[in-house]
Structure formats: structure tokens, C-alpha cells
> 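Supplied in C-alpha cells, the structure appears directly below.
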Amino acid sequence: MTAEAQDVTDLLLSRIRDVPDYPKPGVLFKDITPLLADPEAFTALTDALAGLCSAHGATKIVGLEARGFILAAPVAVRAGLGFVPVRKAGKLPGATLRQAYELEYGTAEIEVHAEDLAAGDRVMVIDDVLATGGTAEASIELIRRAGAEVAGVAVLMELGFLPGRARLEPGLNGAPLTALITV
């Protein structure tokens, strides 16, 4: 890691607040709202993610509901790329593609507008946290079903003690998975 990249990592880490016992006892929640409230840190995060989009030849950015929207939209503006929201099922009007995925205790579904992604698009998936990888995995399936290519997945933070990376890597088909921070 370069000294500049380490400086960005240190800045981002310094703005993430640990909240013990939230949302339930025994959980240490990583709160990114102080990072978002700090213009220097938020700009550094946006620049780092936009750089990844450029490095991997992305032509569009998918943001995952809901905190992924907060990160992906300014990255799309900074990188000069289109932003495509991936929403929970039933939240988008018109024709959509829908993908179900497994949760720890059940299933969920996400959707994307069918016309927002097409053959020839190279799509970078952006989210705040990679935990178990279910939502990111489902978004990769949606992107491919739309005929687009996955340029990569980029997250602010990976929870390294959970199986998200192992779950995603087979479906990435060699596309990069980048976490700016691993905890």
C-alpha cells in the first residue's frame, strides 16, 4: 500500500465510530455517519472509489440500497458515469429485473430497471459494507441478466470475519473485489 493510500485509509478509519451493543447486545456496529459528515473524509472516499471505477474501466455504477446510494451517487458524478440504483423489490416503477437471494433467516429480493443496464456496459457495484455478500451477489446476477459485464465490486468496509468475500469470488469471474478497509 502506498503512503497516500495509507493516509486515506487512516483518515477513513478515524471517522468511523464504533457503537457497542447496537443493534443488539454483543454487536459492535461500525457507524459511517461521522465520515459522511466530514467533507475531507467523504471527498477522500469518493475520490478513492472513483479511481477504482476508472482503473477497472467502468461505464456505469450500481449502488445498493440504501447506504450504497449515498456512496455511489457522488462517485458516479466524480467519475462522469451513470448511476443505477438497485432497490428492494417493489420500490421501482416500470419494467424491472428481480433477483431473490438468501438471508441468514429467510430470503429477500432486489430489483433494477430493465432498461438501465445493457450489453456493453461495464458496471462497478458500490456499497458501504461487505458482510455476508448476499446483496452484492444478487446484484452481480442482475447485472449479468441485463446483459452487462461486472467491472468489479468496491466497498468502503469489509467485515473480514464474515464470509462475504468467499461467497462473491466465484461469481466475480475474475473481476476485482476491493475493500478500502477490512475489519
> What I want to check is whether the side chains of T107 and Y101 have a donor and an acceptor closer together than 3.5 Å.
no

> Keeping the roles fixed (side chain from R122, backbone from H56), state whether a donor-acceptor pair exists under 3.5 Å.
yes

> Same hydrophobic cluster for F69 and I110, using side-chain heavy-atom links shorter than 4.5 Å among ILVMFWY?
no

> Between E169 and R165, does at least one N-O distance fall below 4.0 Å, as a salt bridge requires?
yes

> Say whether, by atom type as modelled, one donor and one acceptor occur between the side chain of S14 and the main chain of L11 under 3.5 angstrom.
yes

> Let me check something: do L81 and V112 share a hydrophobic cluster, defined by ILVMFWY side-chain heavy atoms less than 4.5 Å apart, either directly or through other members?
no

> Taking the side chain as every heavy atom from C-beta outward, state whether L35 and L156 have any atom pair closer than 4.5 Å.
yes

> Is there a side-chain contact between V123 and V84, using heavy atoms and a 4.5 Å cut-off?
no

> Can you tell me how far NZ of K60 sits from CG of D116, rounded to the nearest 0.5 angstrom?
6.5 Å

> Taking it one step at a time, do D18 and K30 satisfy salt bridge (charged side-chain N to carboxylate O under 4.0 Å, His left out)?
CA-CA 5 Å; D18 288 344; K30 299 291 189 178; 2.7 Å; yes

> When you measure from the side chain of D21 to the backbone N and O of G26, does any donor-acceptor pair fall under 3.5 Å?
yes

> In the single-linkage hydrophobic clustering (I, L, V, M, F, W, Y; side-chain heavy atoms under 4.5 Å), do L52 and V8 co-cluster?
yes

> Quick check: does any side chain N or O of E65 sit under 3.5 Å from a backbone N or O of K88, one acting as donor and the other as acceptor?
yes

> Would you say Y22 has more than 12 foreign heavy atoms packed within less than 6.0 Å of its OH?
no

> Check for a donor-acceptor pair, side chain of H113 on one end and backbone N or O of P93 on the other, with a separation under 3.5 Å.
yes

> What distance separates T132 OG1 from L159 CG, expressed to the nearest 0.5 Å?
9.5 Å

> In the single-linkage hydrophobic clustering (I, L, V, M, F, W, Y; side-chain heavy atoms under 4.5 Å), do L64 and L49 co-cluster?
no

> Specify the closest pair of heavy atoms between C53 and V75, including all atoms of both residues, with the distance to one decimal.
SG-CG1, 3.9 Å

> Do the charged groups of E137 and R167 touch, with an N to O distance under 4.0 Å?
yes

